[in-house]
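Worksheet for the structure shown next.
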Amino acid sequence: DPVHPLALEFAAWSRLRHPHVVRAYELLRASSGPLPPGTPYLVLELVRGLPVHRALCAGAVNPCVLEELARRVLRALAHIHQAGLVHRDLKPGNVLVGPSRRGLGRVKLTDFGMASEPGQAGRPGHISGSIPYVAPETIVGLAVDGRADLYGLGVLLFYLATGRLPLASSSPERWLCWHLEGPPADPRRSVPG
């Protein structure tokens with residue numbers, strides 16, 4: 001089914017070839033095994049590593065490591081945006097970091113289930129993505145472009161630099177209000193320097 005969510009994800013993801021993006025190799029249907037016959041599944045590059053929030057100690061990340069992480073994710077995003085896509089779900093679980101004896105290991109972006117072409121608008125109030133990392137234009141239903149990914153990366157870097165999110169709340173309503181009207185997050189208030 002060409003409109004199945006996995007078919008759409010594979011169509012977008014398989015166009016990407018970059019050292020900081022997990023490769024999507026095939027879209028197949030199960031014939032036997034743990035999945036019911038006919039169930040679609042993706043065959044992806046095996047990445048030995050952990051989500052960034054488990055690979056690095058948030059709040060205690062060396063600034064040089066944090067800067068290098070940002071550079072690698074930005075390179076991946078530049079490739080994604082040049083390929084005519086917006087990731088739309090940049091969050092700690094979608095940034096994988098491989099093991100390393102020193103410094104930063106391999107960095108790979110994954111999960112393109114919410115990726116779309118730039119200029120696509122959602123329905124106002126219908127959130128696509130993880131609420132702490134979602135860009136304001138997504139909340140109000142405006143057209144989304146690569147800046148939405150940069151917004152999510154900013155929140156992610158704030159979290160890794162400080163060990164906390166820019167808003168101390170578990171309330172989705174408070175998060176949505178903060179994204180739309182809250183003061184800019186300043187990590188120096190949590191971690192001077």
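Residue numbers run from 1 in the order of the sequence given. Just so it is clear, the values below take in all heavy atoms, side chains as well, and ignore hydrogens, waters and symmetry mates.
Between Thr110 and Val47 the shortest side-chain heavy-atom distance does not fall below 4.5 Å. A heavy-atom distance below 4.5 Å is found between the side chains of Asp89 and Ser130. Within the 4.5 Å cutoff, side-chain heavy atoms of Pro166 are placed close to those of Val155. Between Leu90 and Leu77 there is a side-chain heavy-atom pair separated by less than 4.5 Å. For the pair Trp13/Leu42, a side-chain contact is recorded, criterion being any heavy-atom separation below 4.5 Å from C-beta on. Side-chain contact between Val86 and Ile80: absent, with no pair of heavy atoms (C-beta onward) separated by less than 4.5 Å. With contacts defined as side-chain heavy-atom distances shorter than 4.5 Å, the pair Arg71/Leu74 does not qualify. Residues Tyr133 and Pro92 have side chains in contact (heavy-atom distance under 4.5 Å, counting atoms from C-beta outward).
Under the 4.5 Å side-chain heavy-atom criterion for ILVMFWY residues, a single connected hydrophobic cluster contains both Ile139 and Leu150. Note: the hydrophobic cluster containing Val134 also contains Leu142 (ILVMFWY, side chain heavy atoms under 4.5 Å, direct or indirect links).
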Legend entry - Worked check of salt bridge (charged side-chain N to carboxylate O under 4.0 Å, His left out) between Glu137 and Arg147: CA-CA 10 Å; Glu137 56 268 31; Arg147 292 173 289 184; 5.7 Å; no
Show the atom names and distances, to 0.1 Å, of all donor-acceptor pairs under 3.5 Å that link a side chain in residues 15-24 to residues at least two apart or in another chain.
residue, atom, partner, partner atom, Å
Arg15, NH2, Ala83, O, 2.6
Arg17, NH1, Ser14, O, 2.6
His18, ND1, His20, N, 3.0
His20, ND1, Val107, O, 3.0

Let me have the donor-acceptor pairs involving side chains of residues 49-64, under 3.5 Å, with sequence neighbours excluded, atom names and distances please.
residue, atom, partner, partner atom, Å
Asn62, OD1, Cys64, N, 2.7

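The structure places CG of Leu28 at 11.0 Å from CG of Leu35, a figure rounded to the nearest 0.5 Å. The CZ atom of Arg164 sits 12.0 Å away from the OH atom of Tyr159 when rounded to the nearest 0.5 Å. Taken from CG in Asp111 to CZ in Arg88, the straight-line distance is 13.0 Å, to the nearest 0.5 Å. Ile131 contributes atom CD1, which lies 10.5 Å from atom OG of Ser169 (distance to the nearest 0.5 angstrom). Expressed to the nearest 0.5 Å, how far CE of Met114 lies from OG1 of Thr138 amounts to 10.5 Å. Within the model, atoms CG of Leu180 and CH2 of Trp175 stand 12.5 Å from one another, a figure rounded to the nearest 0.5 Å.
Looking at every heavy atom in both residues, Leu165 comes nearest to Phe158 through C-CE2, 3.6 Å. Contact between Ala143 and Gly119 at its shortest, heavy atoms only, is CB-O, 3.4 Å. Heavy atoms only, all atoms of each residue included: Ala70 and Leu157 are closest at CB-CD1, 3.8 Å. Considering every non-hydrogen atom in both Ala76 and Leu109, the closest pair reads CB-CD1, 3.7 Å. Closest non-hydrogen pair, Val97 versus Gly105, comes out as CG1-N, 4.3 Å. Pro118 and Gly84 get closest at one heavy-atom pair: CD-O, 3.2 Å.
At least one donor-acceptor pair under 3.5 Å links the side chain of Ser171 to the backbone N or O of Arg174.
The side chain to side chain donor-acceptor pair (under 3.5 Å) search around His179 returns Tyr151, not counting sequence neighbours.
Ring geometry for Phe112 against His87 counts as perpendicular: the plane angle is over 60°, on a 0 to 90° scale with 30° as the lower cut.
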